[in-house]
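Below is one structure, written out as structure tokens, with a few remarks after it.
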Amino acid sequence: MTSVISVRFRSGSKTYYFDPKGIEVKAGQDVIVETAQGLEFARCSAGNHMVDDAQVVQPLRSLVRIATENDRRTAAYHREREKEAFDICQKKILQHHLDMKLVHVECSFDGNKILFFFTADGRVDFRELVKDLAGVFRSRIELRQIGVRDEAKMLGGLGICGRPFCCAQFMDDFVPVSIKMAKTQNLSLNPTKISGTCGRLMCCLKYEQDAYEDAIKRMPKNESFVMTPDGPGNVSDVNVLKETVNVRLDDRPETPRCYHNCEVCVLRNGKGSRDGIVIPDERPERYVEQREEEFNIPPIIAAFDMNSNAAPSEDTEKQSRRSRRRRGRGGKKPEEQSVKAEAGKTEERKEEKPSDKPHHNRRRHRGGQKNANPDAGNTAPAKPAAPQHPESGEGVRKKPRHRGGRRHNHSRSNAPKAEN
């Protein structure tokens, strides 16, 4: 076992081991370490810990010191210098008409070396470009060609899943990915759907490949001859994730039925004839999903439920029965009954109050003065008498109120006819 610290540089997410030399370093601290290119500024991703000797690449470089405030200012100065170098290199590339794409610029901690990363379709003759850059910066210039995957790792970004690139976040090395993995996982072979932002096959195809290969070994192939709880048939489709198969039964080949893998007994795996295959009389049992264990209810909630579900008293039971009977007979709800009862009480109180108005007959008087009841002690002023005819002195009879139907014109019938 060897005591090491894990260090991560700015260029990627890969971690490197360094000898702490007895210095206690915590995760997140900035450190100065010794590399093959000289001193470098890095950040500790994991503090002092023990690893196997087989995991350590010899010779193991050592930690120089924990970064100071002066070291941080020097690193910030070099970051600004890298931005300036990037713009100058872009202009020089256009002047020399080179078919290359500048990706990233890194400046060493001591400032003696500037490294330019670029991508290109083929080989590029950049000797004249190096001379121009060396004359501008007065330091050692190095141009390094990288691939599109390394470009995505340096620049970073978001994938089609909405999360940051795996290569820029946690992947140390790139894993080989092939189109066979997409076929095994029943994915669309459309390049735009299985390719990442870098234009290569997505690295996440490798994550589930082992699980798919293990499931495929336990699943029957297409066109396999199987026995199901409903009878024999041929497999038409396989769902690896759900571990189910669609089977066309011999009795009903038009409508395939879905079965779980444990409900199927394989008589012939793959295509072939049925000659010589003995069909067993016993059929597999049906698959029953196991229910998950019930959640243990805390005692406080259980006591609350017991109190709320306690047996009702006799009075409440009688009231509930009465309300149910009334509802069954078309009665009203208890709330409506209480409202009606209150309204009835108020009407009774109004009727009990003595009325100051005189009592009149229900039959409406049709003309002339109303007959006042002398026993009632009516003190109201008498209404004026009905108008009389100026010549005869008889009372003028009012026209009766029309109550519907055909209206009769009495004036025309009683008028004297004109003499011819």
Side-chain angles (χ1 to χ4, degrees), residues 149 159-163 165-167 169-297 302 305:
R149 283 191 168 187
I160 59 175
C161 58
R163 295 182 58 84
F165 293 158
C166 299
C167 56
Q169 196 172 13
F170 60 86
M171 286 180 60
D172 293 341
D173 297 320
F174 292 105
V175 294
V177 184
S178 62
I179 196 67
K180 183 180 178 181
M181 296 181 182
K183 294 180 180 179
T184 304
Q185 301 175 22
N186 291 330
L187 298 177
S188 174
L189 300 183
N190 188 354
T192 58
K193 294 185 178 181
I194 59 177
S195 299
T197 309
C198 60
R200 301 291 187 269
L201 293 176
M202 293 186 294
C203 299
C204 54
L205 293 177
K206 181 65 176 178
Y207 298 162
E208 301 177 358
Q209 182 63 18
D210 296 338
Y212 272 92
E213 291 178 354
D214 180 66
I216 288 174
K217 293 178 181 178
R218 295 181 278 106
M219 299 288 293
K221 299 179 181 179
N222 286 341
E223 300 300 330
S224 297
F225 182 47
V226 296
M227 173 61 75
T228 66
D230 298 327
N234 291 337
V235 176
S236 61
D237 189 20
V238 179
N239 191 328
V240 181
L241 291 178
K242 296 182 179 180
E243 294 191 3
T244 58
V245 293
N246 292 334
V247 180
R248 288 194 180 93
L249 301 176
D250 295 345
D251 300 338
R252 289 167 291 178
E254 296 84 6
T255 59
R257 299 196 62 179
C258 182
Y259 298 95
H260 195 267
N261 187 29
C262 60
E263 295 178 320
V264 174
C265 179
V266 181
L267 304 179
R268 186 203 67 229
N269 195 7
K271 295 182 179 180
S273 62
R274 299 186 181 183
D275 298 340
I277 297 177
V278 179
I279 300 176
D281 297 334
E282 297 181 0
R283 297 182 179 181
E285 298 180 358
R286 295 192 179 276
Y287 173 71
V288 179
E289 295 183 358
Q290 297 180 357
R291 296 182 178 179
E292 298 181 357
E293 297 182 359
E294 297 182 356
F295 177 73
N296 295 328
I297 302 175
D305 293 341

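Keep in mind that the numbers below use all heavy atoms, side chains included, and drop hydrogens, waters and symmetry copies.
Nearest heavy atom pair, residue C265 against residue P284, reads CB-CG, 4.0 Å. Shortest non-hydrogen contact noted between N239 and M219 is O-CE, 3.9 Å. P220 and V235 make their closest contact through CG-CG2, 4.5 Å (heavy atoms, listed as atom of the first residue, atom of the second, distance). For the pair L267 and P280, the tightest heavy-atom approach, listed with the atom from each and the gap, is CD2-CD, 4.0 Å.
The structure places CG of N222 at 10.5 Å from CG of N234, a figure rounded to the nearest 0.5 Å. Taken from OG1 in T184 to CD1 in I179, the straight-line distance is 10.0 Å, to the nearest 0.5 Å.
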Distance-only donor-acceptor pairs under 3.5 Å for side chains of residues 191-208, two or more places apart:
| unit_1 | atom_1 | unit_2 | atom_2 | d |
| --- | --- | --- | --- | --- |
| T192 | OG1 | N190 | OD1 | 3.2 |
| T192 | OG1 | N190 | ND2 | 3.2 |
| S195 | OG | P191 | O | 2.5 |

Extract all donor-acceptor atom pairs below 3.5 Å that involve side chains of residues 247-258 and protein atoms in other chains or at least two apart in sequence.
| unit_1 | atom_1 | unit_2 | atom_2 | d |
| --- | --- | --- | --- | --- |
| D250 | OD1 | R274 | NH2 | 3.2 |
| D250 | OD2 | R274 | NH1 | 2.9 |
| R257 | NH1 | D230 | OD2 | 2.7 |

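R218 is linked by a side chain to side chain contact (heavy atoms under 4.5 Å, CB included) to D214, A215, E243, N261, counting only residues two or more places apart in sequence or in another chain. For T228, the side chain to side chain donor-acceptor pair (under 3.5 Å) test picks out no residue, with sequence neighbours left out. Among residues two or more places apart in sequence or in another chain, the salt bridge (Lys or Arg N to Asp or Glu O under 4.0 Å) test is passed with D173 by K14. E263 is linked by a side chain to side chain donor-acceptor pair (under 3.5 Å) to nothing, counting only residues two or more places apart in sequence or in another chain. Residues passing the side chain to side chain contact (heavy atoms under 4.5 Å, CB included) test with P176, sequence neighbours excluded: none. The side chain to side chain contact (heavy atoms under 4.5 Å, CB included) test applied to K217 returns no partner, not counting sequence neighbours.
The shortest distance between side-chain heavy atoms of M227 and I279 falls below 4.5 Å.
The ring pair (Phe, Tyr, Trp, His ring centres under 6.0 Å) contacts involving residues 230-256 comprise nothing, where partners must be two or more places apart or lie in separate chains. Sorted by first and then second residue, the ring pair (Phe, Tyr, Trp, His ring centres under 6.0 Å) pairs with a member in residues 260-280 read H260-Y287; sequence neighbours excluded. Among residues at least two apart or in separate chains, there is no ring pair (Phe, Tyr, Trp, His ring centres under 6.0 Å) pair with a member in residues 210-234.
R268 contributes a side-chain N or O that, together with a main-chain N or O of E223, makes up a donor-acceptor pair within less than 3.5 Å. Side-chain atoms of R283 do not come within 3.5 Å of backbone N or O of E285 as any donor-acceptor pair.
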